[in-house]
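Report on one structure; see the data block that follows.
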Amino acid sequence: MILKWIYANIILISVLANSVACAATGLQERNERLKTHLNKELATDFQGEVLLRQHGRPLYQSSRATSGEAYATKGNLYVIGSMSKTVFAAFYLAQHEAQLNQPLDQNSLPAILRRPAPLTPLMLLSHTSGINRNGNGLHDKKQGDRAAFVYSNANYQLLATLLFPASSGVEPTVRSSIPEDTKPRLQSALNTFFSRQQLDIQAQTGELSQIMAREPRLRAGFQEQLTENGPQLTVTELTIAEPELASGFLIASVDGMADFQDRLFGGKTLLPSALNAMVTPWAEREHRWGSLGYGLGLQIAQQPLEYSHSGYVPGYMSLMLYYPESGLQLVMLDNVSRDLTDMERAFARMDRLRQLVREYANSL
C-alpha cells in the first residue's frame with residue numbers, strides 16, 4: 001500500500017515537473033520570438049533606444065547609433081515629449097493630492113480661459129477643463145454634464161504656472177505649505193523630486209544646444225522631412241520654457257522612465273489614493289488605437305490592462321507602456337521626429353511596437 005502511494009506521488013511529481021518545464025520552454029520560445037520581431041522592427045531607420053522589462057528585470061534592450069556616430073551607446077538622454085505629462089501628474093499628486101478637487105482662483109487666469117463653472121486641478125490633468133486644443137480659448141464639447149476630453153498642452157502649462165507663478169507679485173492659486181520666499185521654481189522642484197525618487201530624469205530650460213553643453217548625454221534631435229529624394233534630417237533647435245516642462249520637455253533615459261513606471265505602479269511614489277486617482281479613467285479619448293480611458297496624464301486600455309502615454313515634439317518621439325497584471329513594460333525613446341505629412345507612417349513603428357508587446361503581455 002505504501003509502495004503504491006510512493007509510486008503515485010512519484011508519477012505526480014514527474015507530471016508536474018514536466019508541465020513546469022514545458023511552460024518554461026514555451027515562455028522562452030515566446031521571449032525569443034518577441035526579441036526577433038523587435039530586432040526586425042528596429043533594424044531600419046531607427047536611432048534611439050528601446051527597453052523591455054518585467055518586474056525590473058531587463059528582457060530586451062537595444063540602442064541604435066545616430067547618424068555620424070561610430071557606435072551605439074546606452075544611457076543617453078532624450079526629450080520625452082508628452083510622457084512629461086505622466087511624470088508631472090505624479091509629481092503634482094505626490095505633493096498636492098488633497099487639492100485635486102479644490103476650485104482654482106480663476107481671477108488670475110487669462111480672461112479668455114475663465115469658465116463660468118469651477119475649475120480644478122483634476123480637470124486640467126485629465127484634459128476635461130474646457131480649454132481648447134490650441135489653448136487660446138474654451139470649447140463647448142460635452143461628455144454628459146461635464147466638458148469633454150480635449151487634449152491640450154495648455155492644461156499642464158497652466159497648472160504649472162499656477163503652482164509656480166513667475167515673479168510678478170501674483171499670488172499662487174494652488175496653496176502650498178512652502179513659504180513663498182523660500183519656494184523653489186518648477187525646474188528646481190522637479191529635479192528635487194527626481195533626485196529623491198532616484199530617477200534618471202531631468203528638468204532643464206533654455207536653448208537645447210546650451211542644455212547639451214551642460215549635459216553631454218543628451219542626444220541632439222532631428223526633424224525629418226519627406227522629399228522627392230527621400231527623407232531628409234535636419235538638427236532641431238529648441239528653446240524650453242519652464243511651464244513647458246510640465247507638458248512635453250522633460251529629458252530622461254530609457255532606464256529613468258522604466259524606473260519611474262516601476263516605482264509609480266509599484267506603489268512607491270504615491271499614496272494608494274493618489275495612484276487610484278491617477279489610473280481612474282476620468283474621460284474617454286478617441287485615439288488611433290481605439291477608444292481609450294484617460295486618467296491623470298495617463299492613457300488606459302483594457303484586455304490586457306495597459307497604462308500608456310506617447311510623445312512627439314520637434315526632434316523626438318517617445319512611447320511608454322505598462323501592464324500591471326504582469327509587471328511588463330516597454331520604453332522607447334527616439335531622437336527623430338517623423339514627418340507628419342504622412343501620419344500613418346510617422347507613428348507606424350510606435351504602433352507596431354505596442355501591438356507586439358500587447359500580444360506578448362496577453363500570452364503571460
Side-chain angles (χ1 to χ4, degrees), residues 52-56 80-102 120-129 143-144 146-152 155-156 159-160 190 193-194 197 199 201 246-248 250 252 256-311 318-332 354 357-358 360-362 364:
L52 182 73
R53 288 201 327 203
Q54 186 175 23
H55 297 304
I80 64 173
S82 287
M83 285 171 18
S84 301
K85 294 180 173 68
T86 313
V87 178
F88 179 79
F91 162 79
Y92 178 85
L93 287 168
Q95 302 167 79
H96 301 285
E97 179 197 357
Q99 299 174 33
L100 192 56
N101 289 292
Q102 296 298 312
T120 67
L122 187 147
M123 294 174 182
L124 293 169
L125 292 171
S126 62
H127 298 287
T128 58
S129 65
Q143 185 174 336
R146 61 183 179 179
F149 176 95
V150 172
Y151 191 86
S152 176
N155 285 305
Y156 281 69
L159 184 56
L190 283 166
F193 175 72
F194 301 147
Q197 293 286 316
L199 300 172
I201 306 176
S247 63
L250 295 173
M257 289 308 299
D259 290 343
F260 167 75
Q261 292 201 97
D262 276 336
R263 291 188 61 82
L264 176 64
F265 300 119
K268 296 179 180 179
T269 301
L270 301 177
L271 293 173
S273 55
L275 179 58
N276 182 64
M278 194 166 182
V279 302
T280 295
W282 300 101
E284 188 174 295
R285 181 183 192 184
E286 293 305 319
H287 194 274
R288 64 182 184 276
W289 296 344
S291 182
L292 303 175
Y294 200 92
L296 304 181
L298 204 61
Q299 296 174 161
I300 303 163
Q302 304 295 332
Q303 298 179 339
L305 179 60
E306 173 193 86
Y307 303 138
S308 71
H309 217 294
S310 58
S318 56
L319 173 67
M320 54 189 280
L321 306 168
Y322 191 90
Y323 301 89
E325 295 164 340
S326 60
L328 183 71
Q329 67 156 304
L330 177 132
V331 176
M332 180 208 80
R354 177 181 182 257
V357 177
R358 277 183 68 80
Y360 180 77
N362 261 325
L364 296 175

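For the single chain, residues carry numbers from 1 onward in sequence order.
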Hey, mind stepping through Gln99 and Tyr92 against side-chain contact (heavy atoms from CB on, under 4.5 Å) and telling me if it holds? CA-CA 10 Å; Gln99 299 174 33; Tyr92 178 85; 3.9 Å; yes
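- The two residues Leu264 and Leu270 make their nearest non-hydrogen contact at CD1-CD1, 3.7 Å.
- Considering OG of Ser310 and CD1 of Ile80, their distance stands at 11.5 Å, rounded to 0.5 Å.
- In terms of the ring-ring contact (aromatic ring centres under 6.0 Å, His included) criterion, His55 has no residue partners (sequence neighbours excluded).
- In plain terms, the two heavy atoms of Ser84 and Gly248 that are nearest each other are OG-C, 3.4 Å.
- Side chains of Phe149 and Glu284 form no contact here, defined as non-hydrogen atoms less than 4.5 Å apart.
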So Ile300 and Leu292, side-chain contact (heavy atoms from CB on, under 4.5 Å) or not? Walk me through it. CA-CA 6 Å; Ile300 303 163; Leu292 303 175; over 6 Å; no
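- A donor-acceptor pair shorter than 3.5 Å cannot be found between the side chains of Tyr294 and His287.
- The closest side-chain heavy-atom distance from His309 to Leu298 is not below 4.5 Å.
- Heavy-atom minimum distance, Trp289 versus Leu321: CH2-CD2, 4.4 Å.
- Looking at heavy atoms from C-beta onward, Leu271 lies out of side-chain contact with Leu275 at the 4.5 angstrom threshold.
- Going from atom CE of Met257 over to atom CG of Leu199 covers 8.5 Å, rounded to the nearest 0.5 Å.
- Here Gln299 contributes atom CD and Ser82 contributes atom OG; the two are 9.5 Å apart, rounded to the nearest 0.5 Å.
- Judged purely by atom type and a 3.5 angstrom limit, Lys85 has no side-chain atom pairing as donor or acceptor with the backbone of Gly297.
- Under the ring-ring contact (aromatic ring centres under 6.0 Å, His included) criterion, Tyr360 pairs with no residue, sequence neighbours left out.
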Walk me through it: do Thr128 and Gln143 pass the test side chain to side chain donor-acceptor pair (under 3.5 Å)? CA-CA 9 Å; Thr128 58; Gln143 185 174 336; over 6 Å; no
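- Closest heavy-atom contact between Ser273 and Glu97: OG-OE2, 2.6 Å.
- The distance from atom CD of Glu306 to atom CD of Gln329, rounded to the nearest 0.5 Å, is 12.0 Å.
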Does the side-chain contact (heavy atoms from CB on, under 4.5 Å) test come out yes or no for Ser291 and Arg285, once each step is laid out? CA-CA 6 Å; Ser291 182; Arg285 181 183 192 184; over 6 Å; no
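- Taking the side chain as every heavy atom from C-beta outward, Phe88 and Leu250 never approach each other to under 4.5 Å.
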What verdict does the side-chain contact (heavy atoms from CB on, under 4.5 Å) test give for Leu330 and Tyr322, after you've listed the backbone C-alpha separation in whole Å, the side-chain angles of each residue and the deciding distance to 0.1 Å? CA-CA 7 Å; Leu330 177 132; Tyr322 191 90; over 6 Å; no
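- Among Ser129, Ser247, Ser126, the one residue that satisfies the side chain to side chain donor-acceptor pair (under 3.5 Å) test with Asn155 is Ser129.
- The side-chain contact (heavy atoms from CB on, under 4.5 Å) with Tyr323 is formed by just one residue from the set Val357, Asn362, Leu305; it is Val357.
- Within 6.0 Å of CD in Glu286 there are more than 12 heavy atoms belonging to other residues, nucleotides or ligands.
- Using a 4.5 Å heavy-atom threshold, the side chains of Leu328 and Leu364 count as touching.
- The main-chain N or O of Met320 is never found under 3.5 Å from a side-chain atom of Arg354 such that the two would form a donor-acceptor pair.
- Gln197 and Thr269 are linked by a side-chain donor-acceptor pair at a separation below 3.5 angstrom, with hydrogens and angles left out of the test.
- Between the side chains of Asn101 and Thr120, not a single donor N or O lies within less than 3.5 Å of an accepting N or O.
- At a threshold of 4.5 Å between non-hydrogen side-chain atoms, the residues Phe193 and Ile201 do not count as touching.
- Thr86 has its side chain within reach of Phe260: a pair of non-hydrogen atoms, C-beta onward, lies under 4.5 Å apart.
- Without hydrogens or angle criteria, Gln95 side chain to Phe91 main chain gives a donor-acceptor distance under 3.5 Å.
- In this structure the side chain of Leu319 never reaches within 4.5 angstrom of the side chain of Val331, judged on heavy atoms.
- Closest heavy-atom contact between Arg358 and Ala301: NH1-CB, 4.0 Å.
- Closest approach of Met278 and Ala89 over heavy atoms only: CE-CB, 3.9 Å.
- Without hydrogens or angle criteria, Trp282 side chain to Leu125 main chain gives no donor-acceptor distance under 3.5 Å.
- One finds a salt bridge joining Arg53 and Asp259 here, because a Lys/Arg side-chain nitrogen approaches an Asp/Glu carboxylate oxygen to under 4.0 Å.
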